[in-house]
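Notes to accompany the following structure.
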Amino acid sequence: MNNKKLIGIVAVLVIVALALGGFYSYRSHEDRGLTLYGNVDIRTVNLGFRVGGRLASLDVDEGDTVTRGMLLGKLDDAPFVNSLNEAKANVAAAQAQLDLLLAGYRTEEIAQARAPVAQQQASFSYADSYLKRQQGLWASKATSANDLEDAKTARNQALANLQAAKDKLSQYETGNRPQEIEQAQAAADQAELNLKDTQLIAPSDGTILTRAVEPGTMLASGSTVFSVSLTRPVWIRAYVSEENLSKAIPGTEIQIYTDGRPNKPYHGKIGFVSPTAEFTPKSVETPELRTDLVYRLRVIVTDADDSLRQGMPVTLRFNDDGATR
């Protein structure tokens, strides 16, 4: 009987011990707060010239660090310089013609422009009357089809010459419109922009990953010259389950741990939480979570350094209260 009581007491103590252990384990887990797993986001950009041409030089190589606004390479700019000079000359010519209009053409110049109109008018009248005679003869079968066709051709040519002479006279009488100068100026502005685009400028701080071509290559517009890894700002991509979604509040501060420095975390803030759910990506899934829906979030690292490399796995930890500091 005493043995049975002893066994009962031991069983009760074991149950109590297990309950306490489970309780403290649960409290310990709660104290650690929510833990997420993710990766440093891979952010690359392919750089190329907006205009085509012969690659003249490259100033950086693979592995080089670049800063925003840094010159990376140049195209042979001689054709673009010539195009710009030609466009500027067209602007000057259009402006000169407008100035001449405003000053007024001399009477002698207008008279000289009228003379060809009268001459071409006489030629057209003769060609038109000759065509009508040939049409009459054709109706009575007194002329050939070739003669009739020649008469039509001569009449049409005379009409074209007359219209050209009238257009020239109209230009002398009215001059170039201001819109023509605007068109010439727009062409000059585009030529100047094309010349500027013969220089390849770094859009952001980063590191050259790939140098795709070498000087002397003939490039089409938009061809990739460099692939650049953007180093700033550093983003972390992670995923949170629906039950913990309320803790992932934009602005919440998070500690970021890497395998290389487990006791010295980086710091960041949640900057974006996806409004739509998706299946757990293979990069962070576990066998029991393969079909779970999660929400993607982006964490912006506030104290990143060169040790935090793109694609690196990280662990994210923040308090249960999700308080924003």
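By convention here, the first residue in the shown sequence is residue 1. Predicted model only: the values in this text are computed from it and were never measured. The analysis underlying the following values was restricted to heavy atoms, covering all of them including side chains, and did not include hydrogens, waters or symmetry mates.
- The cluster map of Ile, Leu, Val, Met, Phe, Trp and Tyr, joined by side-chain heavy atoms under 4.5 Å apart, puts Leu75 and Met70 in the same cluster.
- Ala154 approaches Ala127 most closely through the heavy-atom pair O-CB, 3.9 Å.
- Between the CG atom of Leu230 and the CD atom of Gln310 there is a distance of 7.0 Å, given to the nearest 0.5 Å.
- Here the CD-NZ distance, from Gln120 to Lys166, works out to 11.0 Å after rounding to the nearest 0.5 Å.
- Placement of Phe272 and Leu245 in two distinct hydrophobic clusters is found when ILVMFWY residues are connected by side-chain heavy-atom separations under 4.5 Å, directly or transitively.
- Hydrophobic clustering of Ile, Leu, Val, Met, Phe, Trp and Tyr side chains at less than 4.5 Å, counting indirect connections, unites Leu219 with Val228.
- Side-chain atoms of Asn46 and Ser227 form a donor-acceptor pair, as typed in the model, at a separation below 3.5 Å.
- Atom CZ of Phe49 and atom OG1 of Thr198 lie 7.5 Å apart (nearest 0.5 Å).
- Considering Leu58, Leu47, Val225, Asp59 as possible partners of Leu72, the one that fulfils the side chain to side chain contact (heavy atoms under 4.5 Å, CB included) test is Leu47.
- Atom-to-atom distance recorded for Ser123:OG and Leu159:CG is 12.0 Å, nearest 0.5 angstrom.
- Contact of the Ile270 side chain with the Ile249 side chain is not registered, since no non-hydrogen atoms from C-beta on lie closer than 4.5 Å.
- Looking at Gln119, Gln157, Gln121 one by one, the single match for side chain to side chain contact (heavy atoms under 4.5 Å, CB included) with Leu162 turns out to be Gln121.
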Can you check side-chain hydrogen bond (donor to acceptor under 3.5 Å, both in side chains) on Asn90 and Glu86, steps first, answer last?
CA-CA 6 Å; Asn90 291 338; Glu86 180 180 357; 4.7 Å; no
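- Residues Thr258 and Tyr266 share a closest heavy-atom pair of CG2-CE1, 4.1 Å.
- Contact annotation: the side chain of Trp235 approaches that of Ile300 to within less than 4.5 Å [non-hydrogen atoms, C-beta and beyond].
- Side-chain contact annotation: Asn194 with Gln190, donor-acceptor N/O pair under 3.5 Å present.
- To the nearest 0.5 Å, the span separating CG on Leu34 from CG on Asn244 amounts to 4.5 Å.
- Linking Ile, Leu, Val, Met, Phe, Trp and Tyr whenever their side-chain heavy atoms come within less than 4.5 Å leaves Leu131 and Leu137 in two separate clusters.
- None of Asn39, Val299, Asp41, Leu297 except one satisfies the side chain to side chain contact (heavy atoms under 4.5 Å, CB included) rule with Ile236; the exception is Val299.
- Remark: Thr143 OG1 to Gln135 CD distance equals 11.0 Å, nearest 0.5 Å.
- By the 4.0 Å N-to-carboxylate-O rule, Asp128 lies close enough to Arg155 to be salt-bridged with it.
- Residues Val40 and Leu209 do not share a hydrophobic cluster, clusters being chains of Ile/Leu/Val/Met/Phe/Trp/Tyr side chains in contact below 4.5 Å.
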